[in-house]
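Worksheet: one structure, shown below.
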Amino acid sequence: MANPGRAAAGRGVYLDGLNPEQREAVEATDGPVLVLAGAGTGKTRVLTTRIAHILSLGLAWPSQILAVTFTNKAAREMKERIHAMVGEEVEGMPWLGTFHSIGVRMLRRHAELVGLRSGFTILDTDDQIRLLKQLLQAENIDEKRWPARLLANVIDGWKNRGLGPQQVPAGEGASFANGRGQKLYADYQARLKALNAVDFGDLLLEGIRLLRENPDVLADYHRRFRYILVDEYQDTNVAQYLWLRLLAQGSRNVCCVGDDDQSIYGWRGAEVDNILRFETDFPGAKVVRLERNYRSTGHILGAAAHLIAHNEGRLGKTLFSEGERGERVTVTGAWDSQEEARAIGEEIEQLQRQGHALTQVAILVRASFQMREFEDRFVTLGLNYRVIGGPRFYERAEIRDALAYLRVIASPSDDLAFERIVNVPKRGLGDAALRQIHDHARAAQLPLVEAARELVTSEELKPKVRQTLRDLVGSFDRWREQMATMPHHELAEIVLDESGYTEMWQKDRSADATGRLENLKELVRSMEPFENLIGFLEHISLVMDVDGGAGGDAVNIMTLHSAKGLEFDTVFLPGWEEGVFPNQRALDEQGRAGLEEERRLAYVGLTRARRRAKVFFASNRRIHGLWQSAVPSRFLDELSEKDVEVTESRGGSGWGGGQSGRYGYGPSRFDEAQSFGSSYSTPGWQRAQARQESGRQGAFSGGGSVGGGFADNRPSRFAASEGARGRVIEGELIAKSTGTPARFALGTRVFHQKFGYGEVTSVEGNKLTVLFDKAGEKKVVDSFVEAA
DNA sequence: GGGCCGGCATGTGTT
DNA sequence: ATGCCGGCCC
């Protein structure tokens, strides 16, 4: 099977350093393979090395490999890593990307076969909902009772399961608006076709239809794709599974990598069953388990393993590590959520004093409302933090408005974009005018812009409205002409200016207006690298993400969901209370399945930690403005005792337990408060109080600009810095092991504020291991020591 | 057409 | 407690 000619060049160099299981997964190129890759077992490495291996053996050309991921970030990383291994060839991997980007690629090539034209637009959630709203209005459905948002979810759910309007089970079509769900779905699809548009779900669903209804096209892809690789297989939904299965029927060389224990997206349509059933779906499949963990210490793995063992219906893996056992997982109770935040803040300051980088610390919460407490606390302490996740750049209203202008310029038939900005800024083209344009468009079978163009030559509109609309149409014509002669980012600036859009925000005196103007500038800047406007718009319809700078040294705050795939030295896991985590709604709506997914989420959280995992719970928490007392999470009891240390909250008031049984399960070893003395006079507490008084200036002037935390009406450092940055990506979170020249050589004598004098015994990028004369061996970041 | 008030929900979130 | 949306009034 190997092609000796190509294999000769540097054979197997890339295989060095793989463990036997990883190597097995890489080398099993033929037939179906399922790689069950536990947390921190080198999953990405296996995937990328496998591709390098296939290329290096000459088994396939880069263009003959289909490699799918869920996120752009994952695709980007994979590209980079393959590139590092095999060089230029990766440029020729046109089929490495997200399910959706590959879906678009296929649909654009064969658009006419599914009733589209090749230049179809891709609607995002916002457009989708506005469209559905129109349909609901047309049907006279009470939007209060049946919100468009809900319908969008219902339709997405159907699409996730690979169901077209005709395939919706009868009972379910009735579930929305008294049985009108299915009809609305059908109407919606018809509207999309009329608009020459698709939504995200269609990118797969129409892809499936394309392959099913056109055997020649399918056969073509079968010939093309000699190898198929899928990342995060546990997150695939039914539609993705069907799509993959169709394509994999060709070569049958399909390799899926995933971890059933990390399936946390069931609520979004992911089917754990896909991974559980792999061997049935692909008979003769080889299953490789990666269980050797390179990330976490023994105690962390032990606690996580014991927890996840409470789930049924797993494929079963047991992670092991050859590293040290390390520190036990700590469990700390606090009186309320404020004390929890205070205790965590103190532990972080402690770590900071010991020389730990804040980028290596993360707080992982179940729900975003928990973040606020930490933000407040950290602002008070002057501790830098960054919130990862949250509203994304391209979802901001001002960005979407600006994009709508550009969309209308690029494709005059984009009615949804036109509707969005026809009266933004306010120019007197309200509902009445828009309705007239709509009516004419429907009668004349024209896009809205064209209908408007005709309408202004008639007497139908009021003179004032007619003039405004004529000007607007004229502006779009002018901008469209300029598109040919002018760099697109300059055009964007002109459009925002001449349309009055920039001015609208300049006049706006609300607190976030400056931030929005910043965002618009950032948008214009982000357009520069693209070849032209069309290219830019195509990119952002699929990549609703912007690379934010990594920012300075700051604590990472994010949800457990967005932490998947990341790792940190120290992980704080607050809010382990019944109702919060496991989340009550997950239990109510999904029962046992919901509980198991919550448990997997806990497992994901624990396994993000390399060296320290610190779990917290509070007895009282304010939820929706009401103080509620809570019971420690059942997950606490599911951590193995030998791996856990129950510590005292620094605030020291314990949690006043004794409320177990409220949720109908047994007593907990965390019910009793006896291990928590009331020690309000601990040094930490005194210091915290001192800080609260004197430390205020630190909150506002302290350190880098990463910290946000100002609520809406406070000075907009938040909006201007963090706000513009949006999502932060993984890249910088892991300490660099190469690249930066080491500041200290082995054997150098150094001095550390806390540990005193010592000698460098190992160097890993910016991380040093130092044998201190008094304090013994410690790992420190190089910026915290100086040459002695 | 614009601004104010009241009702309602308020898990996780990629493409 | 808080924010968002829709309805209602000027």
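Just the heavy atoms: all of them, side chains too, but no hydrogens, waters or symmetry mates, feed the values below. Here the structure is a predicted model, which means the values were calculated and not measured.
The distance from atom CG of A:Leu150 to atom P of B:dT10 is 11 Å, rounded to the nearest whole Å. Atom CG in A:Leu461 sits about 16 Å away from atom C1' in B:dG1, given to the nearest Å. One can place CZ of A:Arg76 at 13 Å from C1' of B:dT15, the figure rounded to the nearest angstrom. Atom CD in A:Glu232 sits roughly 15 Å away from atom P in B:dG13 (whole-Å rounding). We find that NZ of A:Lys426 is positioned 10 Å from P of B:dG1, with the value rounded to whole Å. Counting to the nearest Å, the P atom of B:dT12 and the CE atom of A:Met371 are 8 Å from each other. If you take CZ of A:Arg366 and P of B:dT12, they are 7 Å apart, rounded to a whole angstrom.
Once the 5.5 Å centre distance and the 30° plane angle are applied, the aromatic ring of A:His624 is found stacked with the base of B:dT10. Residue-nucleotide stacking is present for A:Trp267 and B:dT12, judged by a side-chain ring centre under 5.5 Å from the six-membered base ring centre and planes under 30° apart.
Between A:Ser562 and B:dG13 there is a side-chain polar atom (N or O) within less than 4.0 angstrom of OP1 or OP2. Listed pair A:Arg585 / B:dT10 meets the phosphate criterion, a side-chain N or O lying under 4.0 Å from OP1 or OP2. Side-chain nitrogen and oxygen atoms of A:Thr559 include at least one within less than 4.0 Å of the OP1 or OP2 phosphate oxygen of B:dG13. OP1 or OP2 of B:dT15 has not a single side-chain nitrogen or oxygen of A:Ser541 nearer than 4.0 Å. Side-chain nitrogen and oxygen atoms of A:Asn583 include none within less than 4.0 Å of the OP1 or OP2 phosphate oxygen of B:dT12.
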Ignoring hydrogens and angles, write down the donor-acceptor pairs under 3.5 Å from the side chains of residues 97-107 of chain A, residues two or more places apart or on other chains.
from, atom 1, to, atom 2, distance (Å)
A:Thr98, OG1, A:His100, N, 3.4
A:Thr98, OG1, A:Ser101, N, 2.9
A:Thr98, OG1, A:Ser101, OG, 3.1
A:Ser101, OG, A:Thr98, N, 3.1
A:Ser101, OG, A:Thr98, O, 3.2

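Across all strands shown, A:Ala586 has heavy atoms under 4.0 Å from base atoms, whether or not it also approaches the sugar-phosphate.
For A:Phe581, the ring pair (Phe, Tyr, Trp, His ring centres under 6.0 Å) test picks out A:Trp576, A:Phe635, with sequence neighbours left out. Here A:His110 pairs with A:Tyr221 under the ring pair (Phe, Tyr, Trp, His ring centres under 6.0 Å) rule; sequence neighbours left out. Contacts of A:Asn153 classified as side-chain contact (heavy atoms from CB on, under 4.5 Å), with partners at least two apart in sequence or in another chain: A:Arg149. Residues satisfying the side-chain contact (heavy atoms from CB on, under 4.5 Å) criterion with A:Gln436, sequence neighbours excluded, are A:Leu455, A:Glu460, A:Leu461.
Here, C:dT2 and B:dG13 have their P atoms 22 Å apart, quoted to the whole Å.
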What nitrogen or oxygen pairs link the protein and nucleotides 6-10 of chain C at under 3.5 Å?
from, atom 1, to, atom 2, distance (Å)
C:dG6, OP1, A:Lys133, NZ, 3.1

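Checking A:Glu577 against A:Ser633 by side-chain atom types alone, no donor-acceptor pair falls below 3.5 Å.
Using a 4.0 Å cut-off between charged nitrogen and carboxylate oxygen, A:Lys564 and A:Glu232 count as a salt-bridge pair.
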